[in-house]
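Structure record follows, encoded as structure tokens.
Sequence lines set the chain letters: A, B, ... in the order given, protein chains first and strands last, and positions in each chain run from 1.
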Amino acid sequence: MDILKEFLAACRDTPGKVFPWKSAQRDARDLLKLDSKKELLSFISNGGLERVEKEHVKIWEKNPHPEKPKTIHSYKFFTNALPLYIAIFFNEELGTWNIKSFHEPKDKNPTLADQLKQILDQKQLEEKS
Amino acid sequence: MNTKTCPACGSQNVITNKVTRSFYDRFAGDIETEMTEDTCSLCGMEGDFESVNDSETKSALEHLKKNATQNIINALVANGFSLASIERALELPQRTLSKWRNDTPPSSAGATLLKFISLFPWLLEVADTNFDPLKSQEICVHNAISYIYGQRNQSGSNIVNRQQHTASINIIQNNQVVFNNSIENSEINIQACMV
């Protein structure tokens, strides 16, 4: 079964088994005003991830039990015009899902909104100087 | 004894700290609340391992919403807006705004509506047109032009005459919302403004 589908189902059906890492929760709050874990999982499970594309799959390097490797799956997606990135992994032994990252993609293409923001920021800088 | 389990690696070597987190609302200011922060000593994961922070978060956000609602409604009243008129324009049951301010805070939708009204009071004019698309666009464009061109008056052809009602909002440091409001008759030459 698709790992993303399993994750979305877990967010909907067993939110107690899904854990956003501190940085992921903070970024969700700062970027999308999703202040609580409940809001974040509700957003994810109710179709908040739009135009999802698989980014990459890699092994969790800081796993203290390398004999039981954990695979991190990352995806790019949009919410409205905002491009975002999410990285998740599942711990089979504990049955827990981890949201390791939730932030803007590092190589995001500038959207029209970004370009407009850049122009406005530049204008503000010019006005201040 | 701390018996928490790290949801990432399963270690029970977890350190729990209390940290202060600040929540901010443009219309209500800041509020600080104490949150739990767990750190796994083995894999380094940081987070809320027992999902105990959501209730604190909810409580803080409700508090901010109540303060924001009170500030916005008080500012509207102080600025000469009649709550009965606002309720009529928005087709809210009478005394809804008083209840929101004094008793039961509004839903998230109601709180957002108030924020829009406080930022763009001319939306009340839009509501008064019964959301007529053309009249609404005219009100929107008129206010945009007034804002961009500093309400300068021009004379000439293609003059739009209407009761001008502009307002802007400032937040002062003690978290009170203050309107800078002006009501005046103005004439704006659209052609001149577009040049």
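The minimum heavy-atom distance linking A:His65 with B:Leu42 is given by the pair NE2-CD2, 4.2 Å. Residues B:Phe49 and A:Phe19 come closest through the heavy atom pair O-CE2, 3.1 Å. Between B:Ala8 and A:Asn91 the shortest heavy-atom distance is O-ND2, 2.7 Å.
Between the side chain of A:Asp35 and the backbone N or O of B:Leu61 there is no donor-acceptor pair closer than 3.5 Å.
For B:Glu56, no part lies under 4.5 angstrom from a heavy atom of chain A. Residue A:Phe89 touches chain B through its side chain alone, counting heavy-atom pairs closer than 4.5 Å. For A:Trp60, the part lying near chain B is the side chain, with the backbone staying farther off; criterion is any non-hydrogen pair under 4.5 Å. A:Arg29 touches chain B through its side chain: at least one heavy atom from C-beta onward sits under 4.5 Å away, while N, CA, C and O do not.
Side-chain contact between A:Gln25 and B:Thr57 is absent, with no heavy-atom pair separated by less than 4.5 Å. The side-chain heavy atoms of B:Ser51 and A:Lys37, taken from C-beta on, include a pair separated by under 4.5 Å.
Under a cut-off of 6.0 angstrom, the local environment of CD in A:Glu61 is sparse, with at most 12 non-hydrogen atoms contributed by other residues, nucleotides or ligands. For A:Lys38, the NZ atom counts as loosely surrounded, since its 6.0 Å shell holds 12 or fewer non-hydrogen atoms of other residues, nucleotides or ligands. By the neighbour-count criterion of 12 heavy atoms within 6.0 Å, atom NE2 of A:His103 is densely surrounded, having more than that number from other residues, nucleotides or ligands. Counting non-hydrogen atoms of other residues, nucleotides and ligands closer than 6.0 Å to NZ of A:Lys100 gives a total of 12 or fewer. Annotation for B:Gln94: atom CD counts as buried by contact number, over 12 foreign heavy atoms lying within 6.0 Å. Counting non-hydrogen atoms of neighbouring residues, nucleotides and ligands closer than 6.0 angstrom, the NZ atom of B:Lys58 reaches no more than 12 such neighbours. Within a 6.0 Å sphere centred on CD of B:Glu91, other residues, nucleotides and ligands contribute 12 heavy atoms or fewer.
Paired with A:Pro64 under the rule side-chain contact (heavy atoms from CB on, under 4.5 Å), one option of B:Cys43, B:Cys40, B:Ser41, B:Ser11 passes, and it is B:Cys43. For the side-chain contact (heavy atoms from CB on, under 4.5 Å) test with A:Ser36, the passing option among B:Asp54, B:Asn53, B:Asp48 is B:Asp54; the others fail.
A:Tyr85 and A:Val57 fall into different hydrophobic clusters, where Ile, Leu, Val, Met, Phe, Trp and Tyr residues are linked whenever their side-chain heavy atoms come under 4.5 Å apart, directly or through other members. Tracing side-chain contacts under 4.5 Å through hydrophobic residues (I, L, V, M, F, W, Y), one reaches A:Phe90 starting from A:Val52; they form part of the same cluster.
Distance check, rounded to the nearest 0.5 Å: SG of B:Cys9 to CG of A:Leu94 gives 8.0 Å.
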